[in-house]
Amino acid sequence: MKIGFIGLGNMGAPMAKNLLKAGHTLSVFDLSAQVVQEMVDAGAKATESPKAAATDVECVITMLPAPGHVRNVLTAENGVLAGISKDVIIIDSSTIDPASAREFSKIAAQHGNLFVDAPVSGGTGGAAAGTLTFMVGCGDEAYAKIKPVLQSMGKSIVHCGDTGTGQAAKICNNLLLGISMAALSEAMALGEALGIDPKVLGGIINSSTGRCWSSETYNPMPGVIESAPSSRGYGGGFGTDLMLKDLALATDAAKTVRQPAFLGALAQQLYQMLSANGDGRLDFSSVITLYRNHGNT
Ligand code: NAD
C-alpha cells in the first residue's frame, strides 16, 4: 500500500520502518531533516510538506506530539487535507484528547475523508519491535480497512468504539502510568535512602504486590534494568514533556465530565516541576531525580 507518514520522532521513525519492512511504500515528512534522511536511507521517499506526503497515497498516518501539531498538519495551507484524495483514510496515532479527535474527524469528513484515532501503547521498544498496542476509535467499516496496516506495526489492535474512544483509552492508561511511575520513584528512592540495594528492591517489588509495568520493564533507578532509559542517562524513551501533556489531557478531559482526578493532578505537578527544571526532554522516569536530589537542591 502507498502510505504518507508524518512525524518521524522517537515513535514515528521505528513505526515507519516496520511499514517499509512489511512491503509498504512510504512518502514521509518531518520538520527535522535528519530524521527524514534516516527514513530515506531505510527506503522511504522524502517530501516537502504534509500536503506532498498525502498526495497520491492510499492512507495517511500522523505521529505528532500534541493536538496543535495535528491540527496544523491537517489544516494548514500545505497540510494533509490540501493534498489528499477523497476516501483516503487518515490514521492519527499521536496521543491527543478525545474532543480534538472528534473535531478533526468532522473536519476530515467535510473533505470526504475518514479520520481515525489510533493512539499506541508500548513505548519506543514496542515501536521498534512492532509489538505496539493500538487503541482504535472509528466505525466498523474503517476499522476493517485499517487493521491490516496497523498489524504491520503492532501486536494488539483493539477496536475501542467510535471516534474519540481510542484517545479516551489512551489518556486513561497514561494517567495511570504517570501516577505509577511517580509512586515507584517514591518507593525506590526511599528504599535507597534506607540502605537497601536498588536491584534487590526492584526484584522484590516484581515478585510482590507493588509490581507494575514500570517496575518490570522501566525501573527509574539507574542500573536496575539495563535496557531502561534510566540506565542511559534518561535519554530517548518517552519525554517528560509528553507525559506532562498526557496528564494535562487526562485532567482536562476529567473536568469536562466532572470526574475527580486527584492523583493525576498531583503527578502532573511533579512532571511540571521536572520540566521547569529544564529536564522536559529527558525520559519521564527521570521523575525519580526529584526524590533522589531533593537533599542537594
Ligand atoms: P517526538 O517528539 O520524538 O516526535 C515528534 C516528531 O514530530 C518530531 O520528529 C517532530 O519533528 C515532528 N513534528 C512536530 N511538528 C511537526 C509538523 N508540524 N510537521 C511534521 N513533523 C512535525 O515524539 P514521540 O515520542 O515520537 O511521540 C509522538 C506521539 O506519540 C506523542 O503524542 C506521544 O504522546 C505519543 N506516544 C509516545 C510514546 C513514547 O514512548 N515516546 C509512547 C506512546 C505514545
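Start at 1 and go down the list; that is how both ligands and their atoms are numbered. What you see is a predicted model; the values in this text were computed from it and never measured.
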Which residue and heavy atom of the protein sit nearest atom 40 (O) of ligand 1, plus the separation = Phe238 CB, 3.4 Å
ask   = Nearest protein heavy atom to atom 27 (O) of ligand 1, by residue and atom, and its distance?
value = Leu242 CD1, 3.7 Å
request  = Distance to 0.1 Å, residue and atom name: give those for the protein heavy atom nearest to atom 3 (O) of ligand 1.
outcome  = Asn10 N, 2.9 Å
ask   = Which ligand 1 atoms does Phe29 reach within 4.0 Å, using its non-hydrogen atoms?
value = 19 (N), 20 (C)
remark   = When distances are taken from atom 16 (C) of ligand 1, the protein heavy atom at minimum range is Leu31 CD1, 3.5 Å
query = Any chance the side chains of Thr251 and Gln268 put a donor and an acceptor closer than 3.5 Å?
reply = yes
task = Say whether Lys245, considering both its backbone and side-chain N or O atoms, lies within less than 3.5 Å of an N or O atom on ligand 1.
result = yes
query = Stepwise, does the side chain to side chain donor-acceptor pair (under 3.5 Å) test hold for Asn10 with Thr124?
reply = CA-CA 6 Å; Asn10 290 333; Thr124 48; over 6 Å; no
request  = Output yes when the distance from some N or O of ligand 1 to some N or O of Ser121 is under 3.5 Å, and no in every other case.
outcome  = no
message = Which of the numbered atoms in ligand 1 are under 4.0 angstrom from any heavy atom belonging to Lys170?
response = 43 (C), 44 (C)
ask   = Hey, which atoms in ligand 1 end up nearer than 4.0 Å to a heavy atom of Ser94?
value = 32 (O)
query = Considering distance alone, does some N or O of Val120 sit under 3.5 Å from an N or O of ligand 1?
reply = no
note = Residue pairs meeting salt bridge (Lys or Arg N to Asp or Glu O under 4.0 Å), one or both in residues 28-56, sequence neighbours left out, come to Lys2-Asp56, Lys17-Glu38
task = Could you tell me whether Gly237 and ligand 1 have an N or O pair separated by under 3.5 Å?
result = yes
task = Please work out whether any backbone atom (N, CA, C, O) or any side-chain heavy atom from C-beta onward of Pro119 is under 4.0 Å from ligand 1, and answer side chain, backbone, both or neither.
result = neither
ask   = Evaluating non-hydrogen atoms only, which member of Val28, Val35, Leu64, Thr95 is closest to atom 13 (N) of ligand 1?
value = Leu64
request  = Give the residue, atom name and distance (to 0.1 Å) of the protein heavy atom nearest atom 8 (C) of ligand 1.
outcome  = Asp30 OD2, 3.5 Å
remark   = atom 37 (C) of ligand 1: closest protein heavy atom, distance to 0.1 Å, is Met11 CG, 3.5 Å
message = Does only the side chain of His69 get under 4.0 Å from ligand 1, or the backbone, or both, or neither? Count heavy atoms.
response = side chain
message = Minimum heavy-atom separation for Cys138 and Val116, please, with both atom names.
response = CB-CG2, 3.7 Å
ask   = For residues 70-92, which residue pairs qualify under salt bridge (Lys or Arg N to Asp or Glu O under 4.0 Å), counting only residues two or more places apart or in two chains?
value = Arg71-Glu103
request  = Within a distance under 4.0 Å of any heavy atom of Pro65, pick out the atoms of ligand 1 and give their elements.
outcome  = 5 (C), 7 (O), 14 (C), 31 (C), 32 (O)
request  = For atom 19 (N) of ligand 1, state which one of Val73, Leu8, Val70 supplies the nearest heavy atom.
outcome  = Val73
request  = Return yes if a side-chain donor-acceptor contact under 3.5 Å exists between Ser100 and Asp97, otherwise no.
outcome  = yes
ask   = Run the ring pair (Phe, Tyr, Trp, His ring centres under 6.0 Å) check on Tyr143 and Phe134 step by step: do they pass?
value = CA-CA 11 Å; Tyr143 180 68; Phe134 280 87; over 10 Å; no
